[in-house]
Amino acid sequence: MEEIAIKDTRLYQYRNFDNVKLGFDAKLNVVVGRNGMGKTNLLDSIHYVCIGKSYFSSGDRYIFKDSSPDFSLISKISVGQADSLVKVICKKTTKKSLSINDKVHDRLSDHLGNFPIVVVAPNDTLLLLNTSDERRKLIDRSISQCSPSYLKQIIEYNHLLKQRNSLLKSSKEKGFLNTIVLDSISERMYPLAMDIFERRKSFTAELSKNFEAHYQKFSSANESCSCSYLSQLEEYSLMELFRRDLEKDKVLGRTSSGIHKDDLNFIINDEKLKPFASQGQLKSFIMSLKLAQYECLKTNLGIQPILILDDVFDKLDKYRVEDLLEIVLGDHIGQVFISDTSEERIPGILKNKQQKARIIVVHEGLIQNSYDI
Amino acid sequence: MSMKFSSKYLEQAVEALSELPSVGKKSALRLALHLINDESEKTKRIAQSLITLKENITRCKTCNNLADTDTCDICLSESRRRNIICVVENVRDVMAIEDTQQYSGIYHVLGGVISPLEGIGPEDLSIQLLKDRVEQGQVDELIMGLSPTIDGETTIYYLSKILSDTDVKISLIARGVAFGGELEYADELTIARSIQSRIPYLAGQ
Ligand SMILES: [Zn+2]
């Protein structure tokens, strides 16, 4: 098992950080400060360096500080015995550039899988919404980190899907459908869908196994749980689905079936888990799921991923905080970054445990203090 | 940015020039001032050549390349092999391949790729013309010089479908021509090499 750790990072014009350089502990880092001071931004910059994009924003345009024309992140990351220097330079006017040891990566997919990372954040409860987007995103984010070619397939499938929908929509308006164009798009989606389905299926099987094991540990009341993959491709090929639904698709002006409808189903005590489940259930659910994702990445890549826990200690009582810390401090987890609003709470617990850690105090886009305990 | 002009002639000229792609107001002003200060007939020459261009340029009725008469120089040339056609998106691709001086076949300029999202269907491209050329029977091979984008591939797939009942051979130029895939940005040697090392196209792969 290879261990990775971010040694240091420099943030330049990154969100509310002007120009900051800071070093990290190889195991545990705790970022503290009041809300809105930049804790999440700092954690997001770690994700950016590892994956090549933000976890919390949908586009780079939200990252530039004020009216700054560019931002950059430079990080030294140790992988086993060797150090890698990762540079992200993003300008408003040109394409962003991402390099490792000064070797430029042309595609994001070249970068994926080198520095695996798992993020736990408050908006994870979106995973329980009615729409399946977030749940597919979880699967896709995980598999892309394990297999860069998967990302390419997803991008291709989604692009072809958009073209297919656009063709169906405009044909509906025109009252004429060029079926050869439709087939040219559809037939290229068939093999992609098959591959994506197979990969999602085998990944989610592994994920469920880990999820169920973790949930048992977290839930006190011995609740039963399961997580299963739902896909129309389980029963029919995409070709069969497209043929079956052609008339419907023509009327709707969009593609009604396919792997873009795939979903994950979470069952706790024989009931589908809802967003308004109890706080305890939600926290157990999210932590189990993310730790399961962590295990999957670790097994597939042979690298201990970085774990980010953004604001998850909020609203937890002292005992649950201690339990959670106990878990992430174990040997089976690599480098950890935690954020918390209280400056004393987590450092206090860690001191009692005589646990080594780096505490970073963030205040208005500045590192007010950084010390080891 | 707003500019204050002392002359409305100057203002109009700047407005007109800045309608061109990648010409901003500042560059337009610089060009206009340059022409004002020029003592030769430059302005007249430029204006005249643009009008002549617009009034006279036409499309080759065979290959859809830009031409002065209804058949372009490449199609007219005695020394070109007529049994091999390289299918490209636009005129710039033809020029990029011609610059290599390594290709002796003729061309077909599609005018783009199929993309329902952008409202471009087969009828908006010179696809029927290509089909007619192939069906006349003198073509042995079509080399697909389209960019290796998802839409470029859809277009190649479409072409292979509508030509499946002819016995024309379809081949692809080797992938990874250049970063971004656009022929016009690749260097001459790379283009020449990728045309020579082309591979047969198998639909669905
Ligand atoms: Zn011609």
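All values below come from the heavy atoms of this structure, side chains included, with hydrogens, waters and symmetry mates left out. So that the names make sense, note that chain A is the first sequence line, chain B the second, and so on, each numbered from 1.
- Contacts between A:K174 and chain B at a heavy-atom distance below 4.5 Å involve the side chain alone, from C-beta outward.
- A cation-pi arrangement, defined by a distance under 6.0 Å to the six-membered ring centre and an angle within 45 degrees of its axis, is present between A:K92 and A:F64.
- Between B:E11 and B:K25 there is no salt bridge, since no side-chain nitrogen of the basic residue lies less than 4.0 Å from a carboxylate oxygen of the acidic one.
- Evaluated for a side-chain hydrogen bond (donor to acceptor under 3.5 Å, both in side chains) with A:D262, the options A:R200, A:R135, A:R136, A:K201 yield exactly one hit, A:R200.
- Residues A:F71 and A:Y48 place their aromatic rings such that the two centres sit under 6.0 Å apart.
- Taking A:I155, A:N165, A:L167 one by one and counting their heavy-atom pairs under 4.5 Å with chain B, the maximum is reached by A:L167.
- With a threshold of 4.5 angstrom between heavy atoms, A:D183 approaches chain B through its backbone and through its side chain.
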